[in-house]
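These notes concern the structure reproduced below.
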Amino acid sequence: MDEVLNIIKNDPWLEPYKEAITGRHQHAIDKEKELIGKKTLSDFATGHLYFGLHRTEKGWTFREWAPNATEIYLIGDFNGWQEQAKYKLKRVKNTGNWEINLRENAMKHGDLYKLKVYWEGGCGERIPAWATRVVQDDQTKIFSAQVWNPEKPYKFKKKVFVPNIAPLMIYECHIGMAQDAEKVGTYNEFRENILPRIAKDGYNCIQIMAIQEHPYYGSFGYHVSSFFAPSSRFGTPEELKQLIDTAHQMGIAVIMDIVHSHAVKNEIEGLGNFAGDPCQYFYPGERREHPAWDSLCFDYGKNEVIHFLLSNCKYWLEEFHFDGFRFDGVTSMLYYSHGLGEAFCNYGDYFNGHEDDNAICYLTLANKLIHQVNPRAITIAEEVSGMPGLAAPFNDGGYGFDYRMAMNIPDYWIKIIKERRDEDWKPSSMFWEVTNRRKDEKTISYCESHDQALVGDKTIIFRLIDADMYWHFKIGDENGTVQRGIALHKMIRLLTASTINGGYLNFMGNEFGHPEWIDFPREGNGWSYKYARRQWHLVDDKDLCYHYLGDFDNAMVHLIEGVKNIQKTDVVEIWHNDGDQVLAYRRKDLIFVFNFNPTRSFTDYGFLVPRGEYRVVLNTDSKAFGGFGFADDSIAHFTCADPLYAKEKKEWLKLYIPARSAVVLKRQK
C-alpha cells in the first residue's frame with residue numbers, strides 16, 4: 001500500500017510509525033475478507049440468529065458452539081432436569097456446533113433450562129453462551145436460562161430514530177441504583193421516574209451501564225456472564241425495549257455500556273470453562289487471566305470469538321434499538337500489559353510491539369460493522385493511554401470510533417482539588433487540559449463519571465465540601481466551605497462542558513452534587529442498598545442547596561445545546577492571566593469569562609472581542625444558582641472602540657467579575 005493514510009498526513013509525528021499503522025490497517029482489511037468472502041460484515045455477524053434457542057414454524061431449534069464437547073443434553077423444567085434421549089443434541093457434521101430440533105410442546109415460555117455438557121474426563125451444567133434471557137432464583141440464588149417467547153412481542157412505536165449529536169450531551173446511568181428507595185430499581189421505574197428528569201434537564205442521550213447479565217450485582221455490570229441477555233434483575237426484555245422506545249419518543253438516544261474487554265471467570269453461569277475447554281473463548285496460557293480484574297481475556301485472534309462478539313454488537317442494535325455503544329476497557333484490550341504500569345509518554349509507546357493486533361483488528365471491525373448496521377450509531381471508546389487514531393475514521397487509518405473519552409480531564413480536576421491551594425489554580429493550565437486533544441478525533445469531555453463515585457473515592461462535590469455537606473447544606477446555613485464548593489462545582493462543569501469538541505458526559509446525580517460514594521450491597525456492608533441508590537428527594541427539596549446545582553446544570557446544558565453544532569466551532573482563547581486567575585474564550589457569539597481568584601473581584605476588567613452589544617445568558621454567581629448575585633445581569637454591555645485594534649474589528653468589553661465566578665455573554669445580532 002503506497003498511499004499514505006490520512007492519519008499520518010494529519011500528524012507528521014506519526015510518520016516514523018507508518019509501517020505499523022499501515023500494517024494494522026491492512027490486517028483489518030485482510031481479516032474482513034477472510035471472514036466475509038463476498039458478503040458484508042453485517043451478513044457475517046448473525047450468530048444470534050443461528051445459535052441459541054429459537055421458535056420456528058415447526059417447534060424449537062437450539063444450537064451451541066462447543067467443539068470440545070462429547071455429549072450435550074438440554075435439561076430443565078420441561079423434563080424434570082433429567083437427561084433424556086429426546087433432549088440430546090447432535091453434532092453438526094464437520095463442525096464444532098451442536099443442534100437439536102424439538103416439537104412445539106417440548107417446552108413453553110417461562111421454562112427454566114440449562115445444558116448438561118460432557119467432555120473427555122468430565123461434565124457440568126452450563127448456561128448457553130447465546131442465551132437471551134437468564135434469571136436468578138430468589139431462594140437458591142442459582143442462575144438458569146429461561147425460554148422466552150411472549151405471546152405479544154414488543155412493537156416499537158418509534159421505527160426510525162436520529163440521535164442529536166449537535167452536540168451529544170450524555171447522562172450516564174444505572175437502572176438498578178436509579179431509584180430513591182433502598183432496593184434494585186427496574187426498567188419500568190426508570191422509564192416512569194427518571195427519563196422525564198433527564199429530558200427536562202436537557203440531556204439528549206443516556207448511556208446505560210450493567211445491561212448485559214452479570215452474576216454479581218456489585219460488579220457494576222463489568223463482570224459479564226451472558227452477553228446476549230439483558231439483566232433480568234431490572235425486568236423483562238420487553239420492559240427494556242419500552243424504555244428505549246420511550247426515550248426515543250422524547251428525543252433521547254440510548255447507548256449501552258458494552259463489555260467486550262473481558263468476561264467473568266464463572267464456569268456454570270459464564271464462559272470460563274464452557275465445554276471442558278478453558279480456552280474456547282479466551283487466550284491460552286498467561287494471557288487468559290486479567291491480572292487486575294480477576295476476569296478472563298477474550299482471544300480476539302480466533303474467528304469464532306470475533307463472530308460471537310460482532311454478532312453481540314448487531315444483536316443489541318437490531319433487537320433492542322440501542323443507538324450505539326460505549327466500549328468499556330479499551331486500553332486493557334489494546335496492550336498485552338493491559339496498560340498496567342505503562343507511562344505512555346511518547347508515540348513510540350504505541351508502536352513498540354506491546355500491542356495486541358488481534359484486539360485492534362476486532363475493535364476496527366466492530367466499529368465498521370456497527371456503522372454498517374446503523375450509519376447513525378454512536379461508538380465511544382473508554383481509553384486512557386491516548387492511542388492515536390482510535391477515534392479517527394477507518395478509511396483514514398483509524399479504528400473507527402466516533403468519540404473517545406477525555407479521561408485526562410477528571411484526573412486533572414481531582415489532582416488540582418487535592419493538591420493545589422485555590423490561589424495556585426492556573427487558568428492557562430486548565431484551558432490547556434480541557435482543549436488538549438487530537439484535531440482529527442472527537443472526544444467526550446467530563447468532570448467525573450461513575451468511576452469517581454465508587455467506594456474509596458470521592459465525587460468532586462465531596463472533595464470540595466466533605467462532611468460540611470451533612471451540616472451546612474440547608475439554604476441560609478451555608479458556611480464558607482459550602483459556598484466555595486458550590487461555586488467551584490459550577491465553574492468546573494461550565495469550563496469542561498463549554499470547551500467540548502464532541503460531547504459532554506455526566507453521571508446521574510452528580511449534576512446536583514449527590515452526596516456520598518456508591519457502595520453496592522456486599523458482605524462488608526451487611527448487603528445494604530443505602531448507598532446503591534440516588535437520593536432525588538435532595539434535589540427536589542427547595543430548602544436545600546442541591547437544587548442550586550441541579551438548576552445550574554439544567555441552564556448550562558440547555559445553553560450549550562442551544563447553539564447548534566457548538567462542538568464544531570473553534571474555542572478561541574481571548575485572555576488568560578495566571579496571576580489574576582482570569583480566563584476568557586469565545587465560541588461563535590458566546591464569550592466565557594472565568595475568575596478563579598478566591599478573594600479578588602475585578603472591576604472594569606477588559607477583554608478584546610468582536611465589537612457589539614453583549615448580554616449575560618448564564619452566571620454561576622446568580623442567586624438562583626446559590627451565588628451571591630454581585631453583578632447586575634440585566635445590564636447590556638457595549639464594547640468600547642480602540643483605534644489600536646480597529647483593523648482587527650475588536651473592541652474592549654469591560655466587565656465586573658466577582659471572585660470565584662464565571663459568566664457567559666452572548667453577542668446580540
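Quick caveat, the model's predicted, so the values are computed rather than measured.
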With no hydrogens and no angle check, just 3.5 Å: does a side-chain donor-acceptor pair link [X] and [Y]?
X: Asp277; Y: Gln280; value: no
X: Thr379; Y: Asn367; value: yes
X: Thr496; Y: Trp413; value: yes
X: Tyr585; Y: Ser498; value: yes
X: Thr443; Y: Glu441; value: no
X: Gln452; Y: Asn510; value: no

Counting only pairs under 3.5 Å, give me each side-chain donor-acceptor contact of residues 8-16, with atom names and distances, residues two or more places apart or in other chains.
| residue | atom | partner | partner atom | Å |
| --- | --- | --- | --- | --- |
| Lys9 | NZ | Glu3 | OE2 | 3.4 |
| Asn10 | ND2 | Asn6 | O | 3.3 |
| Asp11 | OD1 | Trp13 | N | 3.1 |
| Asp11 | OD2 | Tyr347 | OH | 2.5 |
| Asp11 | OD2 | Arg438 | NH1 | 3.2 |
| Asp11 | OD2 | Arg438 | NH2 | 3.0 |

Output all residues satisfying side chain to side chain contact (heavy atoms under 4.5 Å, CB included) with [X], sequence neighbours left out; order by chain, then residue number.
X: Cys297; value: Tyr283, His290, His338
X: Ser42; value: Thr40, Lys314, Leu369, Gln372, Val373
X: Ala131; value: Ile127, Pro128, Val134, Ala145
X: Lys418; value: Ile414, Arg463

Sequence-distant partners of Tyr50, ring-ring contact (aromatic ring centres under 6.0 Å, His included), two or more places apart: none
In Å, rounded to the nearest 0.5 Å, how long is the span from [atom1] of [X] to [atom2] of [Y]?
X: Leu505; Y: Glu172; atom1: CG; atom2: CD; value: 5.0 Å
X: Asn352; Y: Tyr335; atom1: CG; atom2: OH; value: 8.5 Å
X: Phe228; Y: Trp316; atom1: CZ; atom2: CH2; value: 9.0 Å
X: Thr46; Y: Leu310; atom1: OG1; atom2: CG; value: 10.5 Å
X: Lys302; Y: Cys279; atom1: NZ; atom2: SG; value: 7.0 Å
X: Glu573; Y: Thr499; atom1: CD; atom2: OG1; value: 12.0 Å

Just wondering, do [Y] and [X] contact through their side chains at under 4.5 Å, heavy atoms?
X: Leu53; Y: Arg133; value: no
X: His450; Y: His174; value: no
X: Asp328; Y: Phe220; value: no
X: Met177; Y: Phe520; value: yes
X: His214; Y: Ser231; value: yes
X: Gln567; Y: Asn501; value: no
X: Cys205; Y: Ile255; value: yes
X: Arg126; Y: Ile72; value: no

Treating [X] as the side-chain partner and [Y] as the backbone partner, does any N or O pair qualify as donor plus acceptor under 3.5 Å?
X: Gln136; Y: Phe143; result: no
X: Tyr17; Y: Gly348; result: yes
X: His262; Y: His223; result: no
X: Asp323; Y: Ala253; result: no
X: Asn312; Y: Phe227; result: yes

Can you name the salt bridge (charged side-chain N to carboxylate O under 4.0 Å, His left out) partners of [X], sequence neighbours left out?
X: Glu64; result: none
X: Lys31; result: Glu34
X: Glu448; result: Arg493

Salt bridge (charged side-chain N to carboxylate O under 4.0 Å, His left out) partners of residues 340-356, not counting sequence neighbours, each pair once: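 As it turns out, the salt bridge (charged side-chain N to carboxylate O under 4.0 Å, His left out) pairs with a partner in residues 340-356, which skip direct neighbours, are Arg24-Glu355, Arg287-Asp356.
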Does [atom1] in [X] sit with more than 12 non-hydrogen atoms of other residues, nucleotides or ligands closer than 6.0 Å?
X: Ile165; atom1: CD1; value: no
X: Ile268; atom1: CD1; value: no
X: Asn346; atom1: CG; value: yes
X: Arg522; atom1: CZ; value: yes

Test side-chain contact (heavy atoms from CB on, under 4.5 Å) applied to Phe161 and Ile252, step by step: CA-CA 9 Å; Phe161 176 74; Ile252 297 172; 5.7 Å; no
[X] and [Y]: which non-hydrogen atoms are nearest, and at how many Å?
X: Pro167; Y: Gly502; result: CB-O, 3.9 Å
X: Tyr446; Y: Ala406; result: CE2-O, 3.7 Å
X: Tyr281; Y: Ala129; result: OH-CB, 3.4 Å

Ile211 vs Phe322, side-chain contact (heavy atoms from CB on, under 4.5 Å): CA-CA, chis, key distance, verdict: CA-CA 11 Å; Ile211 289 293; Phe322 275 100; 4.3 Å; yes
Worked check of side-chain contact (heavy atoms from CB on, under 4.5 Å) between Arg288 and Leu296: CA-CA 6 Å; Arg288 181 173 177 268; Leu296 304 177; 3.6 Å; yes
Test applied, ring-ring contact (aromatic ring centres under 6.0 Å, His included); reference residue, Phe282; option that passes from Phe298, Phe274, Tyr300, Phe308: Phe298
Partners meeting side chain to side chain donor-acceptor pair (under 3.5 Å) with Asp451 (sequence neighbours left out): none
Test of ring centre spacing under 6.0 Å for His576 and Phe431: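 That pair fails the under 6.0 Å test.
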What donor-acceptor contacts under 3.5 angstrom involve side-chain atoms of residues 358-365, with partners at least two apart or in another chain?
| residue | atom | partner | partner atom | Å |
| --- | --- | --- | --- | --- |
| Tyr362 | OH | His260 | ND1 | 2.7 |
| Thr364 | OG1 | Ile360 | O | 2.7 |

NZ/NE/NH1/NH2 to OD/OE distance under 4.0 Å, Lys265 and Asp294: yes
